[in-house]
J.: 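Next up is a structure, given as structure tokens.
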Amino acid sequence: MAFDSLTEKLQNVFKNLRSKGRLTEEDVKLALREVKMALLEADVNFKVVKGFVKDVQERAVGQDVMNGLNPGQMVIKIVNEELIRLMGSETTEIQLQPGQATTVIMMAGLQGAGKTTTTAKIAGKLKLKGKKPLLVACDVYRPAAIKQLQVNGEKQGVEVFSMGENHKPVNIAKAAMEHAAKNGNNVVILDTAGRLHIDEEMMEELQEIKEHVEVHQTILVVDAMTGQDAVNVANDFNQKIGIDGVIVTKLDGDTRGGAALSIRAVTGKPILYVGMGEKLSDLEQFYPDRMASRILG
Ligand code: GDP
């Protein structure tokens, strides 16, 4: 699981803090220096770490904390609260249109991030909520993406709309909207094409879809294993096409996890879900408080 090493390091810092009866300002500063190192080693964005440590320090060296009954415990509590704040505090849901109105969700992301898998995972969640999703194969770029969506859609018991590889994604999306209207699908999820790197053609493809189809939610899928690249990718997508939320995949893997801690602060956009495995059930709602508890161990 991600964060194992971060958790171990933070626990060492905290053990030290707890063992002291009183804390001097110097004790707190020293501890926070170690917290800073641990976060940087976990691949959290440098600016984010700086801001985080500054915020904790401002709250922790105040007289109330230093003269309190249990100053070590107080500092740990502040770290916990600031971690939660860093990740956005509240759990954010995918915003569905009210009533029976159709919600269009556009999934975006680089190739290999886990977009097609995550698209099917989300369809399963929405089906459990009583929705009737339609998955749309707009990834005409990656070989086998269409087949993969069909296989996963079938596993989830969700219909997949495809027109093969020889149509423009925007035209597939438009045709899918007509299909959804006829078939009573109240959520349409567009699985768009990624590329290996950020590329103009990909952004234009996404923009074109947005110009011709009313997209209600644009969700970006990023791979936690790519560390700070995932954060830069999120920033780029947000600036170029505008995103509503992010899904961070592969947090089950041996990743340092820093992306999950940086994305909200860098992009201002919430993490909606995290991918915790290859199975279609391995998608977890993102709870900042639970993630903070997990990190602190
Ligand atoms: P796409 O190119 O973005 O559509 O990526 P895919 O959906 O094909 O996923 C790429 C690979 O990542 C596949 O082997 C998936 O099984 C795997 N994958 C996706 N999400 C997760 C996850 O949360 N954890 C793990 N361990 N693997 C994942």
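All ligand and atom numbering here is 1-based and tracks the order in the structure. Sequential numbering from 1 along the given sequence is applied to the chain's residues. Keep in mind it's a predicted model, so treat the numbers as computed, not measured. Quick note: numbers below take in every heavy atom, side chains included, and nothing from hydrogens, waters or symmetry partners.
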J.: Show me which atoms of ligand 1 lie under 4.0 Å from any heavy atom of T116.
T.: 1 (P), 4 (O), 7 (O)
J.: Could you walk me through whether K129 and E93 pass the salt bridge (charged side-chain N to carboxylate O under 4.0 Å, His left out) check?
T.: CA-CA 12 Å; K129 283 188 184 170; E93 304 264 1; 3.4 Å; yes
J.: Can you check which of T118, D223, V222, T117 brings a heavy atom nearest to atom 6 (P) of ligand 1?
T.: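 Answer by nearest heavy atom: T117.
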J.: Of the protein's non-hydrogen atoms, which lies at the shortest distance from atom 8 (O) of ligand 1, and what is that distance?
T.: Q148 NE2, 3.0 Å
J.: For atom 16 (O) of ligand 1, find the nearest protein heavy atom and state the residue, atom name and distance (0.1 Å precision).
T.: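 Residue, atom and distance for the closest contact: E278 OE1, 2.7 Å.
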J.: State whether a side-chain donor-acceptor pair under 3.5 Å links K9 with S5.
T.: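 Side-chain D/A pair, K9 to S5: present.
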J.: Can you tell me if E90 has over 12 outside heavy atoms packed within less than 6.0 Å of its CD?
T.: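 Not more than 12 within 6.0 Å, no.
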J.: Please state which protein non-hydrogen atom is closest to atom 28 (C) of ligand 1 and give its distance, to 0.1 Å?
T.: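 Its nearest protein heavy-atom neighbour is K250 CG, 3.7 Å.
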J.: Starting from atom 10 (C) of ligand 1, locate the nearest protein heavy atom and write down its residue, its atom name and how far away it is, to 0.1 Å.
T.: G112 O, 3.7 Å
J.: Would you mind checking which non-hydrogen protein atom is closest to atom 3 (O) of ligand 1, with the distance to 0.1 Å?
T.: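 Protein heavy atom at minimum distance: K115 N, 2.7 Å.
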J.: Checking contacts here: is it the side chain or the backbone of D252 that comes within 4.0 Å of ligand 1, counting heavy atoms only? Could be both or neither.
T.: side chain
J.: For Q111, counting its heavy atoms only, list the atoms of ligand 1 lying under 4.0 Å from any of them.
T.: 2 (O)
J.: Tell me yes or no: between the side chains of K269 and T92, is some donor less than 3.5 Å from an acceptor?
T.: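 There is no such pair (donor and acceptor under 3.5 Å, judged by atom type) between the side chains of K269 and T92.
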J.: To which protein heavy atom is atom 22 (C) of ligand 1 closest, and what is the distance rounded to 0.1 Å?
T.: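 Result for atom 22 (C) of ligand 1: G277 O, 3.2 Å.
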J.: For ligand 1, is there an N or O atom under 3.5 Å from any N or O atom of R142?
T.: yes
J.: May I ask you to identify the nearest protein heavy atom to atom 9 (O) of ligand 1, giving residue, atom name and distance to one decimal place in Å?
T.: G114 CA, 3.4 Å
J.: Sequence neighbours left out, what pairs pass ring-ring contact (aromatic ring centres under 6.0 Å, His included) with at least one residue falling in residues 137-192?
T.: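 Only F161-H179 qualify under ring-ring contact (aromatic ring centres under 6.0 Å, His included).
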J.: Relative to the heavy atoms of G275, which atoms of ligand 1 are at a distance of less than 4.0 Å?
T.: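 Heavy-atom distances to G275 below 4.0 Å select 23 (O).
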J.: At under 4.0 Å between heavy atoms, which part of K121 makes contact with ligand 1: side chain, backbone, both or neither?
T.: side chain
J.: Do we see a donor-acceptor contact under 3.5 Å between the side chains of N235 and T267?
T.: no
J.: Of the backbone atoms (N, CA, C, O) and the side-chain heavy atoms from C-beta on, which set of M276 has a member under 4.0 Å from an atom of ligand 1: side chain, backbone, both, or neither?
T.: backbone
J.: If you measure from the Lys or Arg side-chain nitrogens to the Asp or Glu carboxylate oxygens, is any gap between E208 and K168 under 4.0 Å?
T.: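 Salt bridge: yes.
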J.: Is any side-chain N of the basic residue among R22 and D27 closer than 4.0 Å to the acidic one's carboxylate O?
T.: no
J.: Among residues at least two apart in sequence or on other chains, which ones pass side-chain contact (heavy atoms from CB on, under 4.5 Å) with R33?
T.: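 Expected list: E26, K29, L30.
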J.: Going by atom types alone, do R294 and T7 pair a side-chain donor with an acceptor below 3.5 Å?
T.: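 Looking only at side-chain atoms, T7 and R294 do not form any donor-acceptor pair under 3.5 Å.
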J.: Salt bridge check, D191 against K115: does any charged N sit closer than 4.0 Å to a carboxylate O?
T.: yes
J.: Has L110 got any heavy atom lying under 4.0 angstrom from an atom of ligand 1?
T.: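 Contact present.
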J.: Are A113 and ligand 1 in contact, using a heavy-atom cut-off of under 4.0 Å?
T.: yes
